[in-house]
Chemist: 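Below are the structure tokens for one structure; questions will follow.
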2 protein chains.
Amino acid sequence: MTSGTAASAVREPAPAEGLRARRRRQTRAELHAATVRLAREHGLEHVTVEMISKEAGVSPRTFFNYFRTKETALFAWPGGLTEAEAEQFVSAPGRGPDAVLRDLGDVFATHVDEMAPGAGAFEDVLALVEKVPSALGAFLAECDALERDLAGAIARRTGDAPDGQTVALLAGIAMTAVRNGLMRWARDKQHPDGPAASVRDSFTALRGLLAPAYTPPATTEREA
Amino acid sequence: MTSGTAASAVREPAPAEGLRARRRRQTRAELHAATVRLAREHGLEHVTVEMISKEAGVSPRTFFNYFRTKETALFAWPGGLTEAEAEQFVSAPGRGPDAVLRDLGDVFATHVDEMAPGAGAFEDVLALVEKVPSALGAFLAECDALERDLAGAIARRTGDAPDGQTVALLAGIAMTAVRNGLMRWARDKQHPDGPAASVRDSFTALRGLLAPAYTPPATTEREA
DNA sequence: GCAAAGATTGCAGTGTGTGCAAGAATCTTC
DNA sequence: GAAGATTCTTGCACACACTGCAATCTTTGC
């Protein structure tokens, strides 16, 4: 898959991404995939870095050029949101908490959707997070990094200082909803529609919880 | 410090706590203290389990009978709230989100206050959490455990199911405020009153954020 | 082409974390 | 109080995680 057939420059003049960067991205993805696959099969505690790197076709030493630990290799989602996702969110109208949370629900729902195409591996990773303490720590650290990114985006949208208290709290609350949605889905599988629906559900519940006076109008509708 | 002078049984009939449990609790505390002290002095990455155990007067092997890793030894706060704290919170009046969050602010403010008597070590540990990735993971995992405990208490108070969505979200939001208060205090040292005041502040900001229609009475001195 | 920059790898070495079994301290029961 | 059951400590051995260094090879920029 994705192999051979060096496509002659038809539509891809490789603008800023050299061959080097491409390969690097690829081996990283391969290491991640190998980690998840093996953890799924044998349980993370019985998977060694040696196995992973062999499975991915690189040396054990190389593994550590890509991931600090076995656990961090479980999570491949990029450091934060896409350029596009962030831009869309930032430039959306409304800067009150409710509007921000509404849009964040959308953003993360689509984000999760794109992130879990097969969803098979995603599911297993989340199950692992609940089971293995070290995996939990890595997962939460990853969430924390995402939260910081998120705070930046929120600040850009509301015009607040990036390190302000309000911004940080909003980001934290949003990530709480994301985690809640993901974990509930992984545990109860109560949303056959997939994790994205579960995340969206958590955001809805969150907004309902926060402003009982408001009771936002049935979601769905975009405010001008 | 804390050495010698085996106090003859004057006022301590040791009702339900045997000598064994007492010693166990003590060496645990000593290992924790040694870890923090050494990490503060040399930086966590340069502290080995061997150093810690030597400092605490036990064998390296014994260290692992108490803590799974070096990092977890940084955090000594017990698994959750005190019996008393929990009881008081559970039986307080009001079961809406705002009332719950208000009381949780109080609970955690006092909890943090009791936890950080000297506050010297506490401060360093939080600074470490921001600096060392592995420490961050351990810290967040610890917070997660506390969050689960908290969910139980909230459920007892509101009468909801302990694993319900609303309960989980409330607990997550509350822990977000706690973390925010602690980290902001450790970073900016903007609250000379100590971490408890900072945590309280975060809860106030959170409640103000959630229900803008409410605008809880006063308590805010400053605005961003 | 050629030189700078970057990636992979082997090797050696430190440190983490676990299973096991022997020994010492504490608790139980009579 | 003394024997016996628990529990804690510790040393030992071992697998594995992770790092620094230096050699080698590939990509890149000129």
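Quick note: numbers below take in every heavy atom, side chains included, and nothing from hydrogens, waters or symmetry partners. In what follows, chains carry the letters A, B, and so on, assigned in the order in which the sequence lines appear, proteins first and then strands, with residues in each chain numbered from 1.
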Chemist: Distance under 4.0 Å to a non-hydrogen atom of chain B counts as contact; along DNA chain D, which nucleotides mark the start and end?
Modeler: D/dT6 to D/dC12
Chemist: If you define the side chain from C-beta out and look only at heavy atoms, does anything of B/Trp185 sit under 4.5 Å from B/Glu123?
Modeler: yes
Chemist: How large an angle, rounded to 10°, do the end axes of the helix from C/dG1-D/dC30 to C/dC30-D/dG1 enclose when each is built from five base pairs?
Modeler: 40°
Chemist: Would you call B/Arg179-A/Glu147 a salt bridge at under 4.0 Å N-O?
Modeler: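 A salt bridge is present here (some side-chain N lies under 4.0 Å from a carboxylate O).
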Chemist: Which value, rounded to the nearest 0.5 Å, describes the distance between A/Phe139 atom CZ and A/Glu130 atom CD?
Modeler: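 Result: 9.5 Å between the selected atoms.
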Chemist: Has B/Glu45 got more than 12 heavy atoms of other residues, nucleotides or ligands less than 6.0 Å from its CD?
Modeler: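 Yes.
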Chemist: With rounding to the nearest 0.5 angstrom, report the CD1 to CG distance, B/Ile173 to B/Leu150.
Modeler: 11.0 Å
Chemist: Strictly below 4.0 Å, heavy-atom distances to any atom of DNA chain C: list the hits from residues 41-53 of chain A, or just say none.
Modeler: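 Contacts with DNA chain C under 4.0 Å: none.
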Chemist: Under 4.0 Å, heavy atom to any atom of DNA chain C: which of residues 59-74 of chain B qualify?
Modeler: B/Arg61, B/Phe64, B/Arg68, B/Thr69, B/Lys70
Chemist: Validate the cation-pi geometry between A/Arg200 and A/Phe108: distance from NZ or CZ to the six-membered ring centre under 6.0 Å, angle to the ring axis within 45°.
Modeler: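 No, A/Arg200 does not lie over the aromatic ring of A/Phe108.
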Chemist: Is the shortest side-chain N to carboxylate O distance from A/Asp201 to A/Arg184 below 4.0 Å?
Modeler: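 No, this pair does not count.
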Chemist: Which residues pass the side chain to side chain contact (heavy atoms under 4.5 Å, CB included) test with B/Glu87, not counting sequence neighbours?
Modeler: B/Glu83, B/Arg156
Chemist: How long is the straight-line distance from CD1 of B/Ile154 back to CG of B/Asp160, given to the nearest 0.5 Å?
Modeler: 10.0 Å
Chemist: Can you establish whether the number of heavy atoms outside B/Gln88 located under 6.0 Å from its atom CD is more than 12?
Modeler: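 Open.
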Chemist: Any salt bridge between B/Arg187 and A/Asp163, counting N to O under 4.0 Å?
Modeler: no
Chemist: Once you round to the nearest 0.5 Å, how far does CZ of A/Phe63 lie from CD1 of A/Ile52?
Modeler: 4.5 Å
Chemist: Going 5' to 3' along nucleotides 23-30 of chain C, which nucleotides have protein heavy atoms under 4.0 Å from the base (write B), which only from the sugar-phosphate (write S), and which from neither (write -)?
Modeler: --BBS---
Chemist: Does the side chain of B/Val49 reach to within under 4.5 Å of the side chain of B/Phe64, using non-hydrogen atoms?
Modeler: yes
Chemist: Let me know which of A/Glu55, A/His42, A/His32 forms a side chain to side chain donor-acceptor pair (under 3.5 Å) with A/Arg37.
Modeler: A/Glu55
Chemist: Measure the spacing between CZ of B/Arg24 and CG of B/Leu19 and express it to the nearest 0.5 Å.
Modeler: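 Going from the CZ atom of B/Arg24 to the CG atom of B/Leu19 covers 14.0 Å.
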